[in-house]
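Here the structure is laid out as structure tokens; the discussion comes afterwards.
Only this structure's heavy atoms are used, side chains among them; waters, hydrogens and symmetry mates stay out.
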Number of protein chains: 2
Amino acid sequence: MASDSPKQHWSTAEEEIMEATYRALLKHGYADLSISRIADELDKSKAAIYYHYDTKDDLLVAFLEFAVDRFEETIETETGDEPPEDLEHVIEKLLPLQPDEEQRQLQAVLVGLRSQAVTNEVFREQFTQIDERLAATVRSIVECGIDDDTFRDVDPSRVAEHILATVNGAMYGRVTTDRKSAAAAARVSLASYIDSELRCRS
Amino acid sequence: MASDSPKQHWSTAEEEIMEATYRALLKHGYADLSISRIADELDKSKAAIYYHYDTKDDLLVAFLEFAVDRFEETIETETGDEPPEDLEHVIEKLLPLQPDEEQRQLQAVLVGLRSQAVTNEVFREQFTQIDERLAATVRSIVECGIDDDTFRDVDPSRVAEHILATVNGAMYGRVTTDRKSAAAAARVSLASYIDSELRCRS
DNA sequence: CAACACTTACTGAACGTTCGGTAAGTATCA
DNA sequence: TGATACTTACCGAACGTTCAGTAAGTGTTG
């Protein structure tokens, strides 16, 4: 009974399948993900999965949405009225100095999915949107800071892309290399850039 | 320290297989790569591949080396004696403002391989080394600049990680999203950061 | 220089396993 | 009783891998 209507909510069974897919991805990676392996992580049979999803591709697209939702939950943040602190706050959410295991796992899964965006259009559109939203968030904070003379008169969208690329790159390095302190070093340097190049000297 | 493996050179047949693997990866992506699909890109049979490589894993490890070699060829650069220009030069090699199709393809393949580093230790070690070398290159340029008073007295390794993360992140975004000008914007902002935060005011 | 032994670089046909997917049946409840 | 949410049993295709066989060389010997 896989409907193609815009669903915001998942049934219990569907949520269990998504959770099982998550575990299977962590264990085997995207390239070695199979319906059987998802069923192994599930208290149900392989065919039960096909009761809820017509094809493996359908399931994967649903899971992409599931993972993206989870990612956007973890970075939800209310912006205040002090741009430098807001920026710091957003960056800490995206690239914590000491990430917990849960967030590391989610990022590992997302990197696996994102690599599919090279070949798969549906995936690429999804990650294009994610980056678009993140860039917009950062840009609006920078614009805010320029308006109230906290920040200098820089190009907000260029600076936003710079910050986003740095954060994405550091996160990417964190899950694909053993260079333990690299991400934190990049973040510290980024913070000092914000503080001394971006902030007004007054 | 890494043991120096003697395999620097490939036979004609092996090179053909590597080239076919490259094409198959571009067409199908890592997750859907199979020996049959490599053979389809090759003027030889499936079994011929097994004459040269014992297992699919062996082939993949060999191909990783092949792709990494190709990547390091494209970014080879001699450093001069003017740090700001050297930095610009290295960044242009890694993240060209107008990348040609060949470089885009290589980066697409590398992103596919790199996502395997999350699950596969051999792959992770390889990409750890790549990032280590790149960071070292950037760091030594920054150190040079500090020594001859071109750059301010910043923390060279932090700045190097910042630059590397930005470049990696922008490249990652370039091949996994449709955000056409994002990478260039990030690069421009990074260049202006180098010019105004890093360079000495004198 | 021809006969023989042996190597290299393959081919085509299979092997057993796993894949994505389905058909038919069953237990549970409104 | 009929819809819902499954299970068991299975299908053909594709998977990685192996095998027997072979054409084209290379080196050795009479």
Side-chain angles (χ1 to χ4, degrees), chain A residues 1-5 7 9-66 112-113 115-116 119-123, chain B residues 6-7 9-64 66 112-113 115-116 119-120 122-123:
Chain A
M1 184 171 283
S3 86
D4 50 359
S5 58
K7 60 173 65 173
H9 186 256
W10 317 76
S11 74
T12 313
E14 282 166 344
E15 218 161 87
E16 280 168 12
I17 293 171
M18 293 295 100
E19 220 64 64
T21 305
Y22 190 90
R23 285 192 296 275
L25 268 176
L26 278 176
K27 260 192 201 164
H28 309 289
Y30 188 94
D32 297 319
L33 183 70
S34 71
I35 302 289
S36 297
R37 281 176 164 160
I38 296 172
D40 288 347
E41 300 294 322
L42 192 64
D43 207 27
K44 278 163 193 161
S45 70
K46 220 175 68 160
I49 294 169
Y50 279 98
Y51 178 78
H52 293 280
Y53 299 98
D54 287 343
T55 65
K56 191 192 181 188
D57 269 1
D58 283 358
L59 186 150
L60 254 19
V61 168
F63 180 77
L64 176 60
E65 206 190 322
F66 175 84
L113 293 179
S115 77
Q116 293 307 301
T119 327
N120 184 319
E121 229 193 282
V122 179
F123 280 51
Chain B
K7 176 96 66 121
H9 186 257
W10 318 74
S11 75
T12 313
E14 282 167 343
E15 218 162 87
E16 279 169 14
I17 293 171
M18 295 294 100
E19 220 65 65
T21 305
Y22 190 89
R23 286 192 296 274
L25 269 176
L26 278 175
K27 261 193 200 162
H28 309 288
Y30 188 95
D32 297 319
L33 182 72
S34 70
I35 301 289
S36 298
R37 282 176 163 161
I38 296 172
D40 287 347
E41 300 294 323
L42 192 64
D43 208 28
K44 278 162 192 163
S45 71
K46 235 172 53 160
I49 294 169
Y50 280 96
Y51 179 79
H52 294 280
Y53 300 97
D54 287 343
T55 65
K56 193 191 180 189
D57 269 2
D58 282 358
L59 185 151
L60 254 19
V61 168
F63 180 77
L64 176 60
F66 176 83
L113 294 178
S115 77
Q116 293 308 301
T119 325
N120 183 320
V122 179
F123 279 50

Quick one: what's the B/S/- string for nucleotides 22-30 of chain C, heavy-atom cutoff under 4.0 Å, read 5' to 3'? B--------
Could you tell me how the ring of B:Y22 sits relative to the ring of B:F63: parallel (under 30°), tilted (30 to 60°) or perpendicular (over 60°)? tilted
Please work out which of the three classes, parallel, tilted or perpendicular, describes the rings of A:W10 and A:F66, given edges at 30° and 60°. perpendicular
Without decimals, in angstroms, what is the distance between [X] [atom1] and [N] [atom2]?
X     : N      : atom1 : atom2 : value
A:K44 : D:dC6  : NZ    : C1'   : 8 Å
B:L59 : D:dC15 : CG    : C1'   : 15 Å
A:Y53 : D:dC6  : OH    : P     : 12 Å
B:E14 : C:dC10 : CD    : C1'   : 14 Å
A:Y51 : D:dT8  : OH    : P     : 17 Å
B:L42 : C:dT11 : CG    : C1'   : 13 Å
A:I49 : C:dC19 : CD1   : C1'   : 13 Å

Mind checking the [atom1]-[atom2] spacing from [X] to [Y]? Nearest 0.5 Å is all I need.
X      : Y      : atom1 : atom2 : answer
A:L64  : A:L60  : CG    : CG    : 8.5 Å
A:D32  : A:R37  : CG    : CZ    : 5.5 Å
B:D40  : B:S34  : CG    : OG    : 7.5 Å
B:S115 : B:Y30  : OG    : OH    : 8.0 Å
A:L113 : A:F123 : CG    : CZ    : 5.5 Å
B:T21  : B:L59  : OG1   : CG    : 4.5 Å

If we only count heavy atoms from C-beta on, is the B:K44 to B:E16 side-chain gap below 4.5 Å? yes
Measuring only between side-chain heavy atoms, which start at C-beta, is A:T119 closer than 4.5 Å to B:H28? no
Kindly say if B:H52 contacts the phosphate of C:dT8, meaning a side-chain N or O under 4.0 Å from OP1 or OP2. no
With a 4.0 Å heavy-atom cut-off, tell me which residues in residues 19-40 of chain B come close to DNA chain C, sorted by residue number. none
So which heavy atom on B:Q116 is nearest to which on A:A31, and how close? NE2-CB, 4.0 Å
Give me the atom names and distance for the closest heavy-atom approach of A:D58 to A:T55. N-OG1, 3.1 Å
By the definition side chain to side chain contact (heavy atoms under 4.5 Å, CB included), identify the one residue from A:I49, A:I38, A:I35, A:V61 that meets it with A:K56. A:I35
Please list, for nucleotides 21-24 of chain D, all pairs of protein and nucleotide N/O atoms separated by less than 3.5 Å.
none

Show me the dot-bracket string of DNA chain C, counting Watson-Crick or G-U pairs under 3.5 Å, with | for pairs to another strand and [ ] for crossing ones. ||||||||||||||||||||||||||||||
Sequence neighbours excluded, which residues qualify as salt bridge (charged side-chain N to carboxylate O under 4.0 Å, His left out) partners of A:K46? none
Nearest of D:dG16, D:dC6, C:dA9 to any side-chain atom of B:K56? D:dG16
Produce the list of close N/O pairs, under 3.5 Å, pairing protein atoms with atoms of nucleotides 25-27 of chain D; give distances to one decimal.
none

Backbone N/O of B:S11 and side chain of B:E14: donor-acceptor pair under 3.5 Å: yes
Give the intermediate values and the outcome of side-chain contact (heavy atoms from CB on, under 4.5 Å) for residues A:E19 and A:E41. CA-CA 9 Å; A:E19 220 64 64; A:E41 300 294 322; over 6 Å; no
